[in-house]
Colleague: 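Here's a structure for you.
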Amino acid sequence: MPSIPSNTATPSNTAIAEALEELGDLYELDGAVVHRVLAYRAAARSVREAANSVATLAAAGRATELPGIGATIQDKINALSEAGVIPAAERLRAKFPPGLVALTRLHGLGPKRARLLYDELGIDSLEALRDAAVAQRLRTVRGLGPKFEANVLAAIEAGAATAGQQRLLLPDALEVAGTLIEGLAADAPQDARLEVAGSARRGVESVKDIDLVATTAEPERLAGCLAGLEQIASVGSSGAAGARARTHAGVGVDLRIAAPPQHGNLLQHFTGSGAHNAALRERVVRRGLHVSEYGILDDASGDTATYAEEAAVYEHLGLFFIPPELREDRGELDAAAPGGTGLPGLVQERDIRGDLHCHTVASDGRAGIEEMAEAARERGYEYLAFTDHSASHGFGNAVSAGELRRQIERIREADAKLDGIELLAGSEVNVLPDGSLDYDDELLRELDWVIASVHTAFNMAEDNMTARMVTAVEHPLVDAIGHPTGRLIGRRPPYALDVGRLIEAAAASGTMLEINANPRRRDLSEVHARAAVAAGVLVVVDSDAHAPATLANMRWGISTARRAWLGPQDVANTRPWSELAPLRKRARV
DNA sequence: GCCGTTTTCGGCCCGACTGTTTTCAGTCG
């Protein structure tokens, strides 16, 4: 007997989501009804956003508790776990060459035409498509013409140009959007009202393009202003409804324009997300209401209601106002309905009373204790914890035990000298591969605040990494786990870790988990932070500042906290230190 | 394929744009 193939290990949520997405693509090529295809994509999204192992849930018959997953897809997940493959995918893969899915990724070429080109001309790859377009063979297919050929070639070229192009991190996106709005406002008609919409307004981690909305009585003139901005390299289309353009850096910009009385409708529509809007519209269409960017059409009266303010749109639909960060179709519509669970009062940046993670020149920071402390005080903080890296840290200065003792003294001296802010002595201690820490307990006990983080040996197997983290969580002197998954958005995936088990251990031991506010980290993610709080974990939002200016990164951590549905009570450092200190598990035992 | 104030079947958002069409299908956001 051959040995069991190695791909039968429990598949990660990412692997399951990818398998479901592939199945959706294949069914689409196979000509399945669009709703079936969408069902697979919705299921993939649901799996991707699940905080716990979906394979484990499915094995227990409980994956159907997740939205968008029914008995059929649960069976397929179980097949993937047990046999390493989904039979339906195997069958369809044999039917369609792998290059065919790549065709559907081209702008303007969807599944229907990809299938048509395959059936009629045997085109099964980008190369074959390019050759056929150059040879003018595409126009021989009924329904396709020379324009289509030209567009295909342009799309292939554009695809090659943008391949591997990074999405913009939220701060970069907001900066670009801000300069565009500033530039537009300078030339715009007097009545123009301009706003950032889209995923940037929802506070997502990274964005694909910049969405702007505007209202004015002179739409063509405003749309024309976009082309004149120095940041804009090219304009694709421009008219009364808006304009599409691209910056010199290659960032797509979509400006949508409506009449002033429709500002609320347009902003609601263009803020999205697509999933939120679709769910919102489905919900109210049963009552004869049709929502679009132009207004709310009521079948009963035939009237279309328009609103200048967004809140009025939700009110008309019988819902409480839903903050943009929650508009992801993650339960916000049920919560916002009368008789629903209600929406949380989301944490705000001004609720934060102190920062519990920053660095100084003692390790890899760029400023000293007093400089950081004064910057924190200027931000209105009541306390700041200095958490330089520890003894085994690989970059910056390693802080030996003796050096940490001297640092504690320096912090105490600065604290005595500086009024208006309490300075706390802490450390960001390395979690070694066996889960132990690189200072002894006697030294850790002298600190006010201990964060434990992984900075080495990222490539451990999931079981080992999870055991390593759980050991650190259970250490009696660890107050919080820093950037728990180690991911760097757009650069490095999280290390293999069962976050569900980490959360369980944190809840059981009373250890806090960090939302690291560095815009490239935002770790915990919104999905995991929401699960952590639901499990009873207290979250701490920290800047991880390495210089005074980056204390302001707190803002991005608050975005994640808000997207995780967190209120002030869920975030430890909305409390004064006198209330937070007793919540450390060392103070509770 | 999922789901339920339409509840085990029959629905499943909305509008713009494009290219190819004599009235619309495909694609996109």
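Below, chain A is the first sequence line, B the second, and so on; all start at residue 1.
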Colleague: Looking for any heavy atom pair under 4.0 Å, which part of the strands does A/Y294 touch: base, sugar-phosphate only, or nothing?
Modeller: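 The residue A/Y294 makes sugar-phosphate contact but no base contact.
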
Colleague: More 5' along DNA chain B: A/K112 or A/L289, using each one's nearest nucleotide?
Modeller: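 Counting from the 5' end, the first nearest nucleotide belongs to A/L289.
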
Colleague: Can you tell me if A/N151 touches the phosphate of B/dG19, counting only side-chain N or O atoms and a distance under 4.0 Å to OP1 or OP2?
Modeller: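 For B/dG19, OP1 or OP2 has a side-chain N or O of A/N151 closer than 4.0 Å.
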
Colleague: How would you label the contact of A/V37 with the nucleic acid (heavy atoms, under 4.0 Å): base, sugar-phosphate, or nothing?
Modeller: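 Counting heavy atoms under 4.0 Å across all strands, no contact is made by A/V37.
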
Colleague: Between B/dT21 and B/dA16, how far is it from one P atom to the other, in whole Å?
Modeller: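 The same atom, P, in both gives a distance of 24 Å.
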
Colleague: Between A/F320 and A/Y314, does the ring centroid distance fall short of 6.0 Å?
Modeller: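 No, the ring centres sit 6.0 Å or more apart.
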
Colleague: Show every side-chain hydrogen bond (donor to acceptor under 3.5 Å, both in side chains) that has at least one partner inside residues 55-65 of chain A, sequence neighbours left out.
Modeller: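 Checked against side-chain hydrogen bond (donor to acceptor under 3.5 Å, both in side chains) - neighbours excluded - the pairs reaching residues 55-65 of chain A are A/S53-A/T56, A/R62-A/E65.
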
Colleague: Using whole Å, report how far CD of A/E28 lies from C1' of B/dC28.
Modeller: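 That distance rounds to 12 Å.
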
Colleague: Mind calculating the distance between CZ (A/R113) and P (B/dC24) to the nearest angstrom?
Modeller: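 After rounding, the gap between these two atoms is 17 Å.
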
Colleague: Is there a side-chain contact between A/H290 and the phosphate of B/dC14, meaning an N or O under 4.0 Å from OP1 or OP2?
Modeller: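 Answer yes for this pair, as a side-chain N or O of A/H290 is under 4.0 Å from OP1 or OP2.
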
Colleague: Quantified in whole Å, what is the P atom distance between nucleotide B/dC17 and nucleotide B/dT22?
Modeller: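 These two P atoms come out 22 Å apart once rounded.
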
Colleague: When you compare B/dT7 with B/dC12, how far apart are their C1' atoms, in angstrom units rounded to a whole number?
Modeller: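 Going atom to atom, C1' in each nucleotide, I get 15 Å.
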
Colleague: Establish, with yes or no, whether the OP1 or OP2 oxygen of B/dC2 is under 4.0 angstrom from a side-chain nitrogen or oxygen of A/T72.
Modeller: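 The answer is yes; a side-chain N or O of A/T72 sits under 4.0 Å from OP1 or OP2.
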
Colleague: Which donor-acceptor pairs under 3.5 Å do side chains of residues 95-106 of chain A form with protein atoms, sequence neighbours excluded?
Modeller:
residue	atom	partner	partner atom	Å
A/K95	NZ	A/D30	OD1	2.6
A/T104	OG1	A/V101	O	2.6
A/R105	NH2	A/D25	OD2	2.7

Colleague: Go nucleotide by nucleotide along DNA chain B from the 5' end; which of A/R286 and A/F148 gets its closest nucleotide reached first?
Modeller: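 Its nearest nucleotide being more 5', the pick is A/R286.
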
Colleague: What's the closest nucleotide to the A/S292 side chain, out of B/dC14, B/dG1, B/dC13?
Modeller: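 Out of B/dC14, B/dG1, B/dC13, the nucleotide with an atom closest to A/S292's side chain is B/dC14.
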
Colleague: With a 4.0 Å cut-off on heavy atoms, is A/G274 in touch with a base, just the backbone sugar-phosphate, or nothing at all?
Modeller: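 No contact.
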
Colleague: In this structure, are over 12 heavy atoms from other groups packed under 6.0 Å from A/E315 atom CD?
Modeller: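 Not more than 12 within 6.0 Å, no.
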
Colleague: My understanding is that a pair needs two contacts under 3.5 Å, Watson-Crick or G-U wobble. By that rule, which nucleotide pairs with B/dT18?
Modeller: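 Result: B/dA25.
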
Colleague: Could you tell me the separation between the CG atom of A/L29 and the P atom of B/dT27, rounded to a whole number of Å?
Modeller: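 Going from A/L29 (CG) to B/dT27 (P), I get 10 Å.
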
Colleague: Looking at A/Y27, I'd like to know whether one of its side-chain N or O atoms comes within less than 4.0 Å of OP1 or OP2 on B/dG1.
Modeller: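 Yes, because at least one side-chain N or O of A/Y27 sits under 4.0 Å from OP1 or OP2 of B/dG1.
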
